[in-house]
Amino acid sequence: MPTELLFRQDAYLKETSARVEAVNERGGVILDRTVFYATGGGQPGDAGKLVRADGSEITIGTAIYDPDDKSRVIHVPLEGQAAPHPGETVTVVLDWERRLKRMRIHTALHLLSVVLSYPVTGGAIGEGDGRLDFDIPEGGLDKAEISDKLNVLIARNADVSESWITDEELDANPGLVKTMSVKPPRGSGRVRLVAIGDIDLQPCGGTHVRNTAEIGLVAVTDIEKKGKQNRRVRIALA
């Protein structure tokens with residue numbers, strides 16, 4: 001049975017009750033539903049805990065997609081903990097402070113791709129920081145200038161919204177792709193779009209804040225040359 005991904009419906013949902021569907025040979029816990037984001041798209045899997053009916057807790061270090069069935073999420077516990085039993089009901093509790101920092105940075109990275117309108121070749125999200133790699137033919141990037149432009153966009157207090165479009169709808173409206181900084185992934189039958197006011201629209205499966213005001217001030221902390229035409233731009237929450 002696929003895991004119901006509650007974070008796709010509401011990225012601010014901090015906990016939920018869930019049923020244990022299975023425990024694999026390495027102790028990974030598969031639930032029928034979860035608020036945990038599973039590692040993907042440069043965003044790490046969430047951490048937190050599972051609270052059992054007797055009040056005991058299982059600390060979860062991360063969440064990943066089942067390599068044998070990508071529709072299921074495996075909650076990976078820290079070593080040395082007792083495993084729950086299939087059929088058991090647990091309360092899934094997210095490490096919210098960690099997640100919120102990732103949501104703020106993830107949304108800021110969308111805006112960074114607007115400030116630097118070059119092809120994005122990679123990216124990663126950390127604890128209060130993150131980076132994007134750009135295909136830029138020449139150097140000369142200025143950290144202070146990029147920081148200023150990024151904070152101007154953040155200060156517009158733009159709402160962040162999500163919607164879905166089918167592959168067929170996208171094919172019928174090819175002009176939509178021109179408004180996106182990244183071409184949408186294909187193959188699942190539908191594409192999830194994340195819009196930041198009238199500033200940006202791009203496909204993304206990650207978690208984001210509801211308004212850019214929640215990001216706060218950010219700063220460009222480093223610009224690295226990673227190749228002849230590759231520049232890595234790092235940002236952090238101020």
Side-chain angles (χ1 to χ4, degrees), residues 3-16 18 31 33-49 60-65 73 75-76 92-116 120 122-133 146-147 149-164 180-182 184-185 191-221 233-238:
T3 305
E4 184 181 1
L5 307 179
L6 299 179
F7 60 83
R8 287 272 172 83
Q9 304 168 27
D10 182 1
Y12 286 75
L13 192 61
K14 302 176 181 65
E15 64 178 72
T16 185
L31 305 172
R33 61 209 308 252
T34 189
V35 294
F36 280 55
Y37 180 85
T39 302
Q43 182 171 332
D46 283 324
K49 60 186 178 182
I60 301 298
T62 190
I64 61 173
Y65 286 105
V73 172
H75 301 74
V76 183
V92 188
V93 182
L94 188 65
D95 183 338
W96 174 245
E97 294 304 317
R98 183 181 302 187
R99 159 71 86 73
L100 182 57
K101 287 181 180 179
R102 292 173 179 173
M103 290 165 60
R104 292 166 65 196
I105 280 292
H106 196 152
T107 311
L109 289 175
H110 280 233
L111 295 176
L112 180 62
S113 74
V114 175
V115 173
L116 296 173
V120 176
I125 298 165
E127 300 304 319
D129 59 9
R131 52 94 173 167
L132 286 180
D133 294 348
I146 297 171
S147 295
K149 289 181 178 179
L150 189 53
N151 283 311
V152 165
L153 291 181
I154 290 170
R156 287 174 60 176
N157 298 345
D159 288 333
V160 181
S161 60
E162 300 159 358
S163 61
W164 291 87
M180 301 177 190
S181 60
V182 181
V191 176
R192 180 174 180 253
L193 304 180
V194 175
I196 303 179
D198 60 359
I199 302 170
D200 184 52
L201 175 67
Q202 62 178 280
C204 186
T207 57
H208 311 83
V209 293
R210 292 174 177 151
N211 188 285
T212 60
E214 297 176 60
I215 299 173
L217 290 175
V218 300
V220 175
T221 57
V233 181
R234 298 184 181 275
I235 65 172
L237 301 175

- Side-chain heavy-atom pair Val73, Tyr65 within 4.5 angstrom cut-off: yes
- Sequence neighbours left out, what passes side-chain hydrogen bond (donor to acceptor under 3.5 Å, both in side chains) with Glu15? Give chain and number order. none
- Taking ring pair (Phe, Tyr, Trp, His ring centres under 6.0 Å) as the test, write out the residues that go with Tyr12, two or more places apart. Trp96
- Item | Rounded distance [0.5 Å steps], OG1 in Thr207 versus CZ in Phe7 | 8.0 Å
- Message: Between Arg210 and Asp10, does any side-chain N to carboxylate O distance fall below 4.0 Å?
- Response: yes
- Query: Shortest non-hydrogen contact from Arg99 to Ala11?
  - Reply: NH1-O, 2.8 Å
- Query: Is there side-chain contact between Arg8 and Arg192, with at least one heavy-atom pair below 4.5 Å?
  - Reply: yes
- Return the orientation label for the Phe36 and His75 ring planes: parallel under 30°, perpendicular over 60°, tilted otherwise. perpendicular
- Message: Quick one: does any side-chain atom of Thr62 pair with a main-chain N or O of Val76 as donor and acceptor, under 3.5 Å?
- Response: no
- Query: salt bridge (charged side-chain N to carboxylate O under 4.0 Å, His left out): which pairs involve residues 102-114, sequence neighbours left out?
  - Reply: Asp46-Arg102, Arg102-Glu127
- Could I get the full list of side-chain hydrogen bond (donor to acceptor under 3.5 Å, both in side chains) partners for Arg234, not counting sequence neighbours? Glu224
- Can you sort out the partners of Asp133 under salt bridge (Lys or Arg N to Asp or Glu O under 4.0 Å), two or more places apart, ordered by chain and number? Arg131, Arg232
- Message: In the structure I gave you, are the side-chain heavy atoms of Val115 and Leu153 within less than 4.5 Å of one another anywhere?
- Response: yes
- What distance separates Ile196 CD1 from Arg156 CZ, expressed to the nearest 0.5 Å? 10.5 Å
- Note on the structure: Those residues at least two apart in sequence (or on a different chain) that pass salt bridge (Lys or Arg N to Asp or Glu O under 4.0 Å) with Asp159 are none
- Task: Provide the closest heavy-atom pair for Ala47 versus Arg98 in the form atom of the first, atom of the second, distance.
- Result: CB-NH1, 3.4 Å
- Could you tell me which non-hydrogen atom of Thr212 sits nearest to which non-hydrogen atom of Ile154, and how far apart they are? OG1-O, 2.9 Å
- Approximate separation, where rounding is to 0.5 Å, of Lys101 NZ and Ile215 CD1: 15.5 Å
- So how far is it from Asp200 CG to Ser113 OG, rounded to the nearest 0.5 Å? 4.5 Å
- Task: Evaluate side chain to side chain contact (heavy atoms under 4.5 Å, CB included) for Asn151 paired with Val218, printing each intermediate quantity in order.
- Result: CA-CA 7 Å; Asn151 283 311; Val218 300; 3.7 Å; yes
- Message: Restricting to non-hydrogen atoms, name the atom on Ile199 and the atom on Ala158 that form the minimum distance, rounded to 0.1 Å.
- Response: CD1-CB, 4.0 Å
- Query: Would a distance-only check, ignoring hydrogens and angles, find a side-chain to backbone donor-acceptor pair under 3.5 Å from Glu214 to Asn211?
  - Reply: yes
- Message: Please report the interatomic distance CD(Glu162) to NE2(His208), rounded to the nearest 0.5 Å.
- Response: 7.0 Å
- Query: What is the distance from atom CG of Leu111 to atom CG of Leu116, rounded to the nearest 0.5 Å?
  - Reply: 11.5 Å
- Item | 4.5 Å side-chain heavy-atom contact, Ile64 and Thr39 | yes
- Item | Leu112 to Leu150 - nearest heavy-atom pair and separation | N-CD1, 3.6 Å
- Closest approach of Val160 and Val209, non-hydrogen atoms and distance? CB-O, 3.2 Å
